[in-house]
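One structure is given here, and the rest of the page talks about it.
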Amino acid sequence: MLSVSALCASYGAIRAVDTLDLEVAPARLVTILGANGAGKSTTLRSIAGLHRPIAGSIRLDGVEIGRLPTHRVVQRGVALVPEGRMVVAPLTVAENLSLSAFAGRGVEGDMLARVYDLFPRLAERRSQVAGLLSGGEQQMLAIGRAMMTRPRLLLLDEPSMGLAPAIVDQVFSAIVALHRDGQSILLVEQNAEITLEICDYAYVMRRGRIVAAGTPESLRAAGAVLEAYLA
Amino acid sequence: AGPARAAALAPGDYKVGFVAEITGPIAFAGKSFLAGAQLAADEISANGWMGKGTHISVLVKDSASDAARAIQDIHQFIADRSVIATTCCILSPVANSVKPIVASAGIPLVIHGATLPGLPAPPWVYSMTVLPGPKDVATAVKMAETTKPKSVTYFLAADNDAFKARLGAARAALEKMGVKTAGVVSVLTADTDFTAPATQAMGEHPDAILIYTTQAPAVGIIAALRQRGYTGTIVGNDVLSPASVFKKLGPAVVGIPFPIGFSSDLATTPEAKAFVAGYKAKFGNDPDIYSAQGYEAIWFIAQGLRAAGGKPTRATLAKTLAAQHEVTHNVYGGEPITGGQIDTAGTTIVAWSADGKLVPWTGAK
Amino acid sequence: MSLFVEQLINGCALGSLYALFAIGFGLVFATLGILNAAHGTYASWAAIAALAAVQRLGLPFPLAVLVGVAAGGALGVAVDQIAFQPLRRRGAGMLGALITSIAAWIVLDNLAGVATGQDSLSFPTDSYPGGMLHVGGIAFSTMQLITIIAMLAATLGMHLLVRHSRFGAAMRAVGWKEQAAAIVGVDPRRVVLATAFLAGAASGLAGVLGGISTANVSYSLGEGLMLKGFAAVVVGGYDDVRGAALAGVALGILEVMSAQYVSTSLRDGITYALLLGFLLLRPRGLFGGTSFVRA
Amino acid sequence: MADFWAAYQSTLGFAMVNAFFALSTYAVLSAGMLSFATVTFAALGGFLGAQLAVHLALPPVLVMPVSALSGALLAYVVALLFLRLDSHWMALASLALVLITRVVALNATALTGGVNGLSVPLSLPLWVLAAILAVICVVFWRLSASWYGIAARAVREDAAVAATLGIPQRRIQTIAFIISGAVGGLGGILLALMLQFLSPETYFIDIAFTMIAAVVLGGSYHWAGAIVGAVVFTALPVLLQAVVPDFEKVANGICLLLIMIFLPRGLIDPRALRLRRARKAPSR
Amino acid sequence: MMSAPMLRLEGVQKSFGGLTAVAALSLEVPAGCVAGLMGPNGAGKTTVINLITGLLRADSGVIALDGAPIQHLPVHAIAARGIARTYQNVRLFAGMTALEQVMAGSYLRRRTSLMASFLALPSARAALRMTRRRALDLLARVGMAARADELAETLSYGEQRRIEIARALGAGPRLLLLDEPTAGMNAQESEAIGRLVHTLRDDGLTVLMVEHNVRLVSDFCDQVTVMSFGRALVHGTPTACMADPEVQEAYFGRKEDAQRIRALR
Ligand SMILES: Nc1ncnc2c1ncn2[C@@H]1O[C@H](COP(=O)(O)OP(=O)(O)OP(=O)(O)O)[C@@H](O)[C@H]1O
Ligand SMILES: Nc1ncnc2c1ncn2[C@@H]1O[C@H](COP(=O)(O)OP(=O)(O)OP(=O)(O)O)[C@@H](O)[C@H]1O
Ligand SMILES: [Mg+2]
Ligand SMILES: [Mg+2]
């Protein structure tokens, strides 16, 4: 479904992602692990069109999307829960969620119910301005908003950040459920243990490069995860 | 009498630095001043009026009515050794800023538009603009004599001292004749909406309305008064004379009297007629009072150059300019110069006719 | 008494021009984050375009207004794309846009001066409904009525669009952070263009109506609206269309009344002193301007 | 060469005077406030100084400190009133102040000479102007390197965070206003000495636009930006008049546009310098 | 080692419109203690920190530092009393390098007058050098010394959090408030922060830490308060708190899930 090859991304002279290859097969849950500054977020931002890569190709179902502007990528079915949430502060929770109609990917009604069901806290606060939500509430909104666009590929950048354990658990249950329903997911998460528990395939990044890849079992066996993290 | 006529002016191109106001708030007038000056330079150069092989030419720098820019322009002219004299300034504050500079640098300056009394200071500074105050009084009095109003309302540009003084003089004259003042409605030079002031003035039910403001407000006031149905007498001032005013106001301005120093429609002297014809040929339209003043400024400088003769310097030119007691090539109709300030003998009171000509005002409606 | 009412209507009509101007100005500030110094030139150019439509093409009044509004909108779009889009693409801040807008203002103002021959033109009296209306001893002009109605309609329409439509939500989202809007599929470019057009069109409407009723079609038309419009935006709360409109009208009335009953030379002094006092007492404008950023 | 100097010395003079206004604006901007009140400080410094020069025949050396002091005092009062307003509300309030200033200047005939203005029978050699500017530059340089500079930058970037670090926002911003007032008042009298004539129009919106444009054009994150910007903004139209006299204004606008598009953070950009330095550092 | 409470909140209340974010909250943090503050999202934890630092004003109640009420002081004065904090949504100064952030944080420890600093007197120069060295030390403490001259906004999220801690330490506080310091860090990195907190405590600092990372709280906090809907639900040792059935319900959700999560860890 998604195939990234030889991706290079940089900030000025700082090379954040270096000739990176990565695949997400349909209905798979793939994760990227790596220490702070490894380049995980940059990779996701590049796929979503928020950061313009300097080289390489990003294909969605064989179609190059690496040069498309963000909204076109989203309209093609890629949704991102970004690092730092990026909720639209001056809009209410409900307005934030309703914006996803611009992705033009289907009716929203039942999905809205599903989001409110997953995060009752959002339903309570639906007419509050998003900028005044607590950190965790904003994170919920960012996840809900991505779900609302009914993506074919969901990119999650540390979705559990700032969430209380009960909600973390719900989010992971939701991820697992979505995955079970056939949703393709690319997940970046610091919590390696949970992640390796639920994913189909994992990449380990270090200083902008993939240093290891494989099924969770093979990675655990190789001890590669630990090594990359301590680096 | 006087000393024997000096030697003929040495051949060459004599340059006059013209600080123009061809952009900015009063560019509509500034362009006329410049056009008049350019015509004068052409005429003087064409027939060698100052002497064989002599030319006069106008160097232009735009100040956009900004005093700081005008000062920089003047400094550049001063630095240019080939510039023998300068002319500038429609606005009095700008003229005031430039004045000390030319005096200390020693270059003659002919002011072509500013009307503040006391600006000229021979031998360096001269003004080619007739002070309008006395003519306003004459117009007001003539209006009162013919239409016999009981009470009048005045419009005043409150942020313009010259107009304040002009209004004061006219009002004193009228009150002496027994004409009551119903009210004074102030406006500001930069205003654009005159509906409210017109409503205010009409609320006082005057028999006549006298306008002492700059051009844009005057035009706006007349338009607003007429639109709101005011049919009484209106008296304007010289700012109504350019053709553009008639073009804009049309019937609304017909029959409104105002005094005037120059009008192409009323040109009688040969110089004036030649000026009108030359202007028309060069620019395709009639000259207005502003072009006449720009024209006079250059002619005045040429007059000084011719009188100086030989190889004049800025200082010798200043000396001969100071010795001039009238403008010889004039389009106003007889202009004495006292203390560097031009003056005029007669006053013509005119009004726009329905077909867009300036005609002498008779008082009849 | 009738004088008072007539002056009230005069103030409303004048204030409606400020309001129309302020709506667009505030819209651009609230959604695109730009203090647009060139906003006034849209009004001047709209009036010039409408006048040309009348004089060259002989269009009737409603069409001429439409031409002016479209010209204002088109200019808004053009200025945005030339002066603001490059900065936006580089992620530069609002101050830079202030300077490019000043640059655009210089250029457009000067070209307007050239277009009008540095003159102040006016619409031929037969090209618009120029009559007076008399209701119970009160006189006001048809143009004043039209201006007030236009202002009310524009305010209502703009308010509904910005506050109660999905596109309005997208506008506010793009204004907050382009990327935040883009990641749910909003095309920021399209929203920006639409916003710039609407703002320019509102300014254009003010320009055409103002150009007709003040008999002044020149580059100074927009400049005259600029300061008052800006004041209205801040008093009314820049992110509230209704507030800006209300403040604009109030400013017009205040101006007319202080000239009528106090003094013209102090008129602007009174207006701005009241404005200053108001700001110091209510630092967040008429409708409070709720904050959406946490402590 | 001498001719060139004579022709453009006044341009240089005005550029330097504008640099004072730009520095005055920079002083408040560097503490996170956009204020046009500099125009008012300049008006007070200018008119007061001019009156002293005319009536008490004080020499410039005495007039200038008085102007600076009066500007600083006024700025202190303005700060007391304005510091409760944030960001663009302060910008508007200060704009209102500028407009009120003009009305006052028009009507306070005793101080300002009203619409007729006021002649200032003093002049200032250019080198003195340059020397004063140099002194002010040293002041700004030292300030930016001092604790005040660090604190002001923190307040500018995030006042709330700065406060939780113990940086007293009000005090820093009051100091900023006072500096702005002193430099603005000084600029006001220097402009009077350059023009040798003052009128209510002298201190008006034009100055506000000049100074803000100069600061942003030059780069609003470094004091030197204000000076560079003032020079460019003043000299550009004059140079363009010499080059393309017919399209001077339009060309001027286009030049400003191009500068901002290609250098959106101004001609002097410390951030770019930092980025470059970080890149060179062999830290990784 | 435990002594009189350094920080004391008593009956603190804060509402936003109809929403009561903090309700009659009482809380004590003894000097030299690492206290944890936990609770579901939206429980009011960040609001409590905002109230302590003065960014928000309590509707009622007392906040006292070393027994003296501080709730009426301006924000910077509260900081000057020795309270520093980090932010849940990282709030670093734009355009400043990592080192400059910490220098700005050291404002309270500048030890020179404006005049001396302005005139660059030798004493001021020496003080500045010292502040610089201290700032570098602090950066080293959070593991960011090598990045001192980089613009903070170009660092990754986790790195920025560390700069925030260093900046707060720059102020030389006695009480440090950390709002989710390890969000976005992995287990090893979180543990490094926990160890850092312990060394800070050993240097005499008191720490109040908002955290969702249960293991971090269990391992490094001396006491814990769990909030829910603006109230303090329980207060005690980490183990006791985690075992509390109410906490289990409010914080970990349905029991089976809580067990599963812990099983996953
Ligand atoms: N805006 C930026 N400008 C310059 N450099 C940046 C920028 N954002 C990130 N970087 C650099 O790029 C590298 C990769 O950053 P990225 O955010 O992708 O890492 P990450 O793996 O997501 O880290 P974390 O786990 O901390 O979120 C880092 O070294 C960082 O310093
Ligand atoms: N300024 C405000 N205006 C309105 N509501 C607010 C404001 N600040 C906070 N809230 C609300 O108060 C509640 C408590 O917020 P707070 O940020 O304290 O929660 P928290 O415990 O820190 O949550 P999290 O763990 O998600 O960060 C939230 O529901 C939030 O929406
Ligand atoms: Mg990341
Ligand atoms: Mg929180």
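In what follows, chains carry the letters A, B, and so on, assigned in the order in which the sequence lines appear, proteins first and then strands, with residues in each chain numbered from 1.
For A:T149, the part lying under 4.5 angstrom from a heavy atom of chain C is the side chain only.
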Check against side-chain contact (heavy atoms from CB on, under 4.5 Å), C:E178 and A:T70: CA-CA 10 Å; C:E178 246 180 63; A:T70 307; over 6 Å; no

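Taking the side chain as every heavy atom from C-beta outward, A:H71 and C:R189 never approach each other to under 4.5 Å.
Shown here is A:R67, whose CZ atom has more than 12 heavy atoms of other residues, nucleotides or ligands within 6.0 Å. Heavy-atom neighbours of A:R72 CZ from other residues, nucleotides or ligands within 6.0 Å: at or below the threshold of 12. Heavy-atom contacts from other residues, nucleotides or ligands closer than 6.0 Å to CZ of C:R90 number more than 12. In A:R28, the CZ atom is not crowded: 12 or fewer heavy atoms of neighbouring residues, nucleotides or ligands sit closer than 6.0 Å.
For residues 15-34 of chain C, an interface with chain A (any heavy-atom pair closer than 4.5 Å) does not exist. The contact list for residues 73-92 of chain A toward chain C, using heavy atoms and a distance under 4.5 Å, reads A:V74, A:Q75, A:L80, A:P82, A:M86, A:V87, A:V88, A:A89, A:P90, A:L91 by residue number. For a heavy-atom cut-off of 4.5 Å, chain A lies close to no residue in residues 66-81 of chain C.
Counting all heavy atoms, side chain and backbone alike, A:F102 lies closest to C:F167 at CZ-CA, 4.1 Å.
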Distance-only donor-acceptor pairs under 3.5 Å for side chains of residues 191-198 of chain C, two or more places apart:
from: C:T195; atom 1: OG1; to: C:V191; atom 2: O; distance (Å): 2.7

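C:R172 and A:E95 are joined by a salt bridge, as a carboxylate oxygen and a charged side-chain nitrogen come within less than 4.0 angstrom of each other.
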